[in-house]
Amino acid sequence: MKVDKVIAAEEAVKYVKNGMTLGLGSGSTVNWFLRKLSVQVKEGLQIQGIPSSKKTERLAKELGIPLIDFSATTHIDLAIDGADEIDSSLNLIKGGGGSLVREKVVDACADELIIIADATKMVSQLGAFPLPIEVLPFGFEVTVENIKKLGGIPTLRRKDDQIFVSDNGNYIIDCSFGPIDDSVTLHEKLIQMVGVIDTGIFAGMADKVIVARNGGIELYSKT
Ligand SMILES: O=C[C@H](O)[C@H](O)[C@H](O)COP(=O)(O)O
């Protein structure tokens, strides 16, 4: 039986049209989308993708998906991305894989953003997943203290006993705020802090969310 991430990814491929410039998100669900997309590309579909992470770039190249960067165009027709949490207003927490900043740049300039996920990502309120915040390494200790003042419990992300470094050369602070009542206000407070590059709150950005649950598809659209 196919896992739900694969089913959501397959559904998203149906939205890709010949000639499109695609924003390619990051994460395991997007990786399934890339595999499905590459089959269509081999069959003659003409698209070009702008990757949102080095991992996505690497996999897309391996799969033979044509890639460009923003020096070729600043217009993206459709971005496909994953998420760590999705609320009923389609606000998201992203960045579990550490790609939030490039993802936000790519997703924000797309005419349409479609999020693909399995049903485990749907929540009644954001906040069970610690919010990833990308920060400048210089003086990150100060930034962490400032984040604490907002009531969060911050943890510097590590991987294999080393500090995790993003594709942009920055650190990630995973911060538990508990249930987030107002994600826009929280994002605005954080983004104003010196040293904060961006947060994993993607509020009001998703146009559609494709959720696969027990093998079936649910489609949610921005109202
Ligand atoms: O930084 C990572 C991204 O925001 C991913 O899109 C997110 O973590 C979801 O990943 P996955 O599809 O592996 O659950």
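In each ligand, atom 1 is the first atom listed, and ligand 1 is the first ligand listed.
For the residues Glu103, Arg102, Lys121, the heavy atom positioned nearest atom 3 (C) of ligand 1 is part of Glu103. Looking at Gly95, Gly97, Ser26, Gly82, it is Ser26 that brings a heavy atom closest to atom 5 (C) of ligand 1. In the candidate list Ser53, Gly96, Ala83, Ala83 is nearest to atom 9 (C) of ligand 1, counting heavy atoms.
A salt bridge links Lys94 with Asp81: at least one charged nitrogen is closer than 4.0 Å to a carboxylate oxygen. Looking at Lys149 and Glu145, no side-chain N of the basic residue comes within less than 4.0 Å of a carboxylate O on the acidic one, giving no salt bridge.
Contacts with ligand 1 closer than 4.0 Å are made by heavy atoms of both the backbone and the side chain of Ser28.
Under the 3.5 Å distance criterion, with hydrogens and angles disregarded, a donor-acceptor pair is assigned to the side chains of Ser52 and Ser26.
In this structure a side-chain-to-backbone donor-acceptor pair under 3.5 Å is present from Glu85 to Gly127. The closest donor-acceptor contact from the side chain of Asp198 to the backbone of Ile133 lies at 3.5 Å or more, if one exists at all.
We find the CZ-CG distance between Arg213 and Asp118 to be 9.5 Å, quoted to the nearest 0.5 Å.
Among all protein heavy atoms, the one lying closest to atom 10 (O) of ligand 1 is Gly27 CA, 3.9 Å. In terms of protein heavy atoms, atom 7 (C) of ligand 1 is closest to Asp84 OD1, 3.4 Å.
Each of the atoms 6 (O) of ligand 1 lies under 4.0 Å from some heavy atom of Asp81. Listed by number with element, the atoms of ligand 1 under 4.0 Å from a non-hydrogen atom of Thr29 are 11 (P), 12 (O). Residue Ser99 approaches ligand 1 through these ligand atoms, each under 4.0 Å from one of its heavy atoms: 1 (O).
Below 3.5 Å of separation, one finds an N or O of Gly98 facing an N or O of ligand 1. Every N/O-N/O distance between Val30 and ligand 1 stays at or above 3.5 Å. The shortest N or O to N or O distance between Leu100 and ligand 1 is not under 3.5 Å.
At least one test fails for Arg158 against the ring of Phe164: distance under 6.0 Å to the centre or angle within 45° of the axis. Relative to the ring axis of Tyr220, Lys208 does not place its NZ or CZ within 45° and under 6.0 Å from the centre.
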